[in-house]
Enquirer: 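After the structure tokens below, expect a handful of questions from me.
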2 protein chains.
Amino acid sequence: MLRFTRLTAQIPAFLARVEKHSEDDWIWIFMDTNAAANVTAAALAPPKPVAARSLVEAAHEAIRHEILTGGLAPGEKLRFEMLRKRFGFGASTLREALTRLVGEALVTSEEQKGFRVAPVSLEDLADLTRTRKFIELEALRESILNGDDAWEGRLVSAFHRLSKVEAKLSSGPELQQDEFERRNNEFHHALISACPSRWLHHLHGILYQQSERYRRISLVNRVVPRDVHAEHKAMFDAALARNVELACQVAGEHIERTLAVMGKVLNAGMRPGG
Amino acid sequence: MLRFTRLTAQIPAFLARVEKHSEDDWIWIFMDTNAAANVTAAALAPPKPVAARSLVEAAHEAIRHEILTGGLAPGEKLRFEMLRKRFGFGASTLREALTRLVGEALVTSEEQKGFRVAPVSLEDLADLTRTRKFIELEALRESILNGDDAWEGRLVSAFHRLSKVEAKLSSGPELQQDEFERRNNEFHHALISACPSRWLHHLHGILYQQSERYRRISLVNRVVPRDVHAEHKAMFDAALARNVELACQVAGEHIERTLAVMGKVLNAGMRPGG
DNA sequence: GTCAACAATAATTTCGAGATTTTTTATATA
DNA sequence: TATATAAAAAATCTCGAAATTATTGTTGAC
């Protein structure tokens, strides 16, 4: 855990402010990732709170967030000099953070030639979606069959929290995107949380994070009106009713529809080099 | 690529000998991983040739090999001082190699508390096998449906090479284990190589490497007689005949049987702490 | 004008020392 | 004896410089 002594000794450039909450033992580091970033005059996202136990973890989270939100573009070369200026970490620290991201397939690396943000493509999106559907439906099936009262409790809670932020999202500005992603993740994870297979969860986690990347691209420039809340509610109802076939069918359609929407956005907005 | 200047400048302790083959551009580094290892008087494995483009890659390969073959035991703490003495790499290099292994789930890490070899268990083996079957059969199905002449060629070649080493394995000593694993991998990969999904291949790769670890444990102390060659041949024949259902059934049984054998070995040989 | 060899520049990779944190040991107190 | 606190030891984590490699630019020969 980071203590104040640690933070005062080396305050990296990326730090916006530091807070100590009395409720727990964590130090919250608010990162202003836009401060040193070469972003255009777009609206600045609010600082993302990160409870980091080490600088490598902080660097990992910071770079991951930039990749997911597009601050670091697909295919972009990740030079250490640039990353050092932008985030304020040392070379070895950055290197280890990038290696973690390679393991998550968000970054590619070639020996002696450095790192790049993993590219995106329509083909990859289609393959990813198809594979995720394959994994997620199996996990959902097992989860519904194994779900107990605690599972139902998690599901009800997650659905409620998601519904609240969905309501805000449709009316207000796009400030809530990080929060929406968090709760969306929470809901989808709750659905399959009673699946007993550790490995199925592990694989699903990899694919889900990948698809989050595409989802955020299509979220910022939404072109197709869509009632996501109704889709989530249908999944929620079918799961609680323990109707395996219906739940899988609805979830499958939900994933497919996401592909359709994202496909349109990518197809319209992607440039050859991007 | 490593040049000789690089090697002569810093010859790590793990180097046994260095060769330059004229046929290609690689420098072959023969690592004597037992030299500095605290192994007992067990029979020394022959040096494993590794074509490394960087020291991180060499360290990654070396440690991975030790974990797969049991030279580093499941659950064992991986202290940097020990690794430095044993392999001869610097701290940052080792750190990055371990981070790669964490991405492959062969090593676990806890912030500020270091790295450990990932544990093994009967539960994990059962879950792993079940998940691998799920993924591999789907990939096999798609592969057979999409396979062209080139795929058949790869399959015939891989099966032939595997058969040769299988014959040697049953008669001779256990010197061929690395080679058997390589060709076994080659054969199983050839079977599904016509599956067009990149992500299915990616996920399968993760699971296959994990199961290799358990397989090697059961190989060194084989207790159940088994005609592996016949099983491989049945898979080979069904795949070439484009009989999807039969191939999947046979492959499924093959995976299940492997679980049964490994389960017996683990159950008999595993100690509480190991 | 094209290509190869060479020099200059820029990037990645590696190492070891110092800073920080965790773990162990010692000491005091109830 | 058990518990809490403090000092000592051992481990991890981080940084920046040095070594190595890749890339770019230049020159000269054909």
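Below, chains carry the letters A, B, ... as their sequence lines are ordered, and counting in each starts from 1.
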Enquirer: Going by ring pair (Phe, Tyr, Trp, His ring centres under 6.0 Å), name the residues that satisfy it together with A:Trp199, two or more places apart in sequence or in a different chain.
Expert: A:His202
Enquirer: Could you check how far CG of B:Leu94 sits from P of C:dG16, rounded to whole Å?
Expert: 11 Å
Enquirer: Rounded to whole angstroms, how far apart are CD on B:Glu111 and C1' on C:dT21?
Expert: 12 Å
Enquirer: So what does B:Glu81 touch, heavy atoms closer than 4.0 Å: a base, only the sugar-phosphate, or nothing?
Expert: nothing
Enquirer: How would you label the contact of A:Ser92 with the nucleic acid (heavy atoms, under 4.0 Å): base, sugar-phosphate, or nothing?
Expert: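 Base contact - A:Ser92 has a heavy atom under 4.0 Å of at least one base atom.
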Enquirer: Identify which nucleotide among D:dT12, C:dG16, C:dT14 has an atom closest to any side-chain atom of B:Arg84, counting heavy atoms from C-beta outward.
Expert: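 Given the options D:dT12, C:dG16, C:dT14, the side chain of B:Arg84 is closest to C:dG16.
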Enquirer: Is any side-chain N of the basic residue among B:Arg53 and A:Glu110 closer than 4.0 Å to the acidic one's carboxylate O?
Expert: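 No, no charged N to carboxylate O under 4.0 Å.
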Enquirer: What's the closest nucleotide to the A:Phe89 side chain, out of D:dC15, C:dC15, C:dA11?
Expert: D:dC15
Enquirer: When all nucleic acid strands are considered with a 4.0 Å heavy-atom cut-off, which category describes A:Glu96: base, sugar-phosphate, or nothing?
Expert: nothing
Enquirer: Please list, chain by chain and in numerical order, all residues satisfying side-chain contact (heavy atoms from CB on, under 4.5 Å) with B:Arg79, sequence neighbours excluded.
Expert: B:Lys77, B:Met82
Enquirer: Which is true for B:Leu78 with a 4.0 Å heavy-atom rule: it touches a base, it touches only sugar-phosphate, or it touches nothing?
Expert: sugar-phosphate
Enquirer: D:dA11 C1' sits how many Å from B:Glu110 CD, rounded?
Expert: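 It works out to 14 Å between those atoms.
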Enquirer: Over how many whole Å does the gap from B:Gln112 atom CD to D:dA10 atom P extend?
Expert: 19 Å
Enquirer: Please give, in whole Å, the distance from D:dT21 P to A:Phe80 CZ?
Expert: 17 Å
Enquirer: Which nucleotide, C:dT23, D:dG16, D:dT12, lies nearest any side-chain atom of B:Lys113?
Expert: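 Selected nucleotide: C:dT23.
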